[in-house]
Asks: 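I'd like to ask some things about the structure below.
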Amino acid sequence: METGAIPLDSVGPFDLQATVESGQTYLWDRADGNMYETMSAHGGDHWYETVVPPIAGVSDERAVVRVRQADGRLEWESTTDAVPILRHLLRLDDDLDAIVESTPDLPLLNRAYEQYRGMRLVRDPVFPCLISFICSAQMRVSRIHGMQMRMAERFGDPVEFDGRTLHAFPNAEQLAARTEDELRDLSLGYRAPYVQRTAEMVAGDASNEHGAVDPAAARDMAYEEAREYLTQFVGVGDKVADCVLLFSLDFLEAVPLDTWIRTAIADYYPECDAGGYAETSRAIRERFGGEYAGYAQTYVFYYLRAGGE
DNA sequence: GCCCAGGAAGGGG
DNA sequence: CCCCTTCATGGG
């Protein structure tokens, strides 16, 4: 096991608990207790862990990463050098101060940024992110997380680390090989066939005459074209597509129109409600400053969901 | 029991 | 194109 620490004074504002437990990613788990038990703004110094697939240009092999925030730094334990992996997954290279500074001066936005300053967007691996947000339909954050943990435990590769057995998130082939009923047994409900069929599309199963469809191909497209591209997957509409673009594929301008942000639009920016998804999305994206509108959306989402007004 | 949760698919107008 | 209903499941 390798260990180390990343000093945060060069990273800028950072809040690990808010980043990992704000409903952007469902792939981390607390190593020292149940997720979402306490939601204090800066209270947690919990250990979080995840099994990370190989990432092109970052890490060649599967890795286990465990991390906590304490004494102004990120302490980590891993199967390998976790520094580049953590930089990648937690977007430590984002200049958060500059992003906040470039954001429009809106009261709601200012309150959210002030309350949770330090929360970063995440950069999840794309297939687990896609499956996570297919599962997110009409579901609470803690239960979405539970679904991903159960899929990993049941269908993913076991990985030994520090005397315990963790499980990697299953790849497309592993999920495509499961039946709808096996997924329903994990309490996925009506999302089970969506997950199964999307996994088949990504895996390039024989039932798909067009061969494998790569969700990561959206990365190289223009924003709205990329969103349209992702909606070809079963269980993926405009909102889930925006989540994948924002939380995995570096489209920081993406503003997922979920129930919370729609409420915010109705209460604070009614002139941005232009009817259809694409038009409303365009309007609120411009209202939130364009380039980093997704950062603003994620802060507002977390702020409102925690009870802010 | 009712209502809701980071929605999407399928049908009809 | 938009509008409507249906789709599981658990917690308040």
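Numbers restart at 1 for each chain; the letters A, B, ... are given by sequence-line order, proteins then strands.
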Asks: Taking the side chain of A:Y194 as its heavy atoms from C-beta onward, which of B:dA8, B:dG10, C:dG10 lies nearest to it?
Replies: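 That would be B:dA8.
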Asks: Just so I know, are the side chains of A:R30 and A:E49 near enough to count as touching, which here means a heavy-atom distance under 4.5 Å?
Replies: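 No. Closest side-chain heavy atoms not under 4.5 Å.
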Asks: In which stems does DNA chain B show up, taking only runs of three or more Watson-Crick or G-U wobble pairs whose two distances fall under 3.5 Å?
Replies: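 Detected stem regions: B:2-5 with C:9-12, B:7-12 with C:2-7.
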Asks: A:R184 near the nucleic acid: base, sugar-phosphate alone, or nothing, with a heavy-atom cut-off under 4.0 Å?
Replies: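 Sugar-phosphate, no base atom in range.
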Asks: Rounded to whole angstroms, how far apart are CE on A:M139 and P on C:dG10?
Replies: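 Spelled out: CE on A:M139 to P on C:dG10 is 9 Å.
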Asks: Apply salt bridge (Lys or Arg N to Asp or Glu O under 4.0 Å) to the pair A:E182 and A:R154, showing each step before the final yes or no.
Replies: CA-CA 10 Å; A:E182 286 179 303; A:R154 190 74 68 89; over 6 Å; no
Asks: Check the distance between B:dA5's P and A:L304's CG and give it to me in whole angstrom.
Replies: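 It works out to 13 Å between those atoms.
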Asks: Can you tell me if A:N34 uses its side chain to pair, donor with acceptor, with the backbone of A:E37 under 3.5 Å?
Replies: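 Flag not set: sc A:N34 to bb A:E37 has no pair under 3.5 Å.
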Asks: Any side-chain N or O of A:T231 under 4.0 Å from OP1/OP2 of B:dA8?
Replies: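 It does not, given that no N or O in the side chain of A:T231 lies less than 4.0 Å from OP1 or OP2 of B:dA8.
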Asks: Write down the atom of A:E2, the atom of A:W76, and the distance for their closest heavy-atom approach.
Replies: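 Shortest heavy-atom contact: O-CZ3, 3.4 Å.
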Asks: Evaluate whether atom CD of A:E101 has more than 12 neighbouring non-hydrogen atoms of other residues, nucleotides or ligands under 6.0 angstrom away.
Replies: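 Atom CD in A:E101 is not crowded, with 12 or fewer foreign heavy atoms closer than 6.0 Å.
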Asks: Atom CG of A:L130 to atom C1' of B:dG7: distance rounded to whole Å?
Replies: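 Answer to the nearest Å: 14 Å.
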Asks: Tell me, which of residues 277-284 of chain A have any heavy atom that sits under 4.0 Å from an atom in DNA chain C?
Replies: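 Residues of residues 277-284 of chain A under 4.0 Å from DNA chain C: none.
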Asks: Inspect the surroundings of CD in A:E279 and state if more than 12 heavy atoms from other residues, nucleotides or ligands are less than 6.0 Å away.
Replies: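 Yes, enclosed.
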Asks: Give the rounded distance in Å between these two atoms: NE2 of A:H145 and C1' of C:dG10.
Replies: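 It works out to 17 Å between those atoms.
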Asks: Using only heavy-atom distances, decide whether a donor-acceptor pair under 3.5 angstrom links the side-chain of A:Y190 to the base of B:dG7.
Replies: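 Pair found.
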Asks: Give every pair of a protein N or O atom and an N or O atom of nucleotides 1-4 of chain B that lie under 3.5 Å apart, one pair per line with the distance.
Replies:
residue	atom	partner	partner atom	Å
B:dC4	O2	A:R140	NH1	3.4
B:dC4	O2	A:R140	NH2	3.4

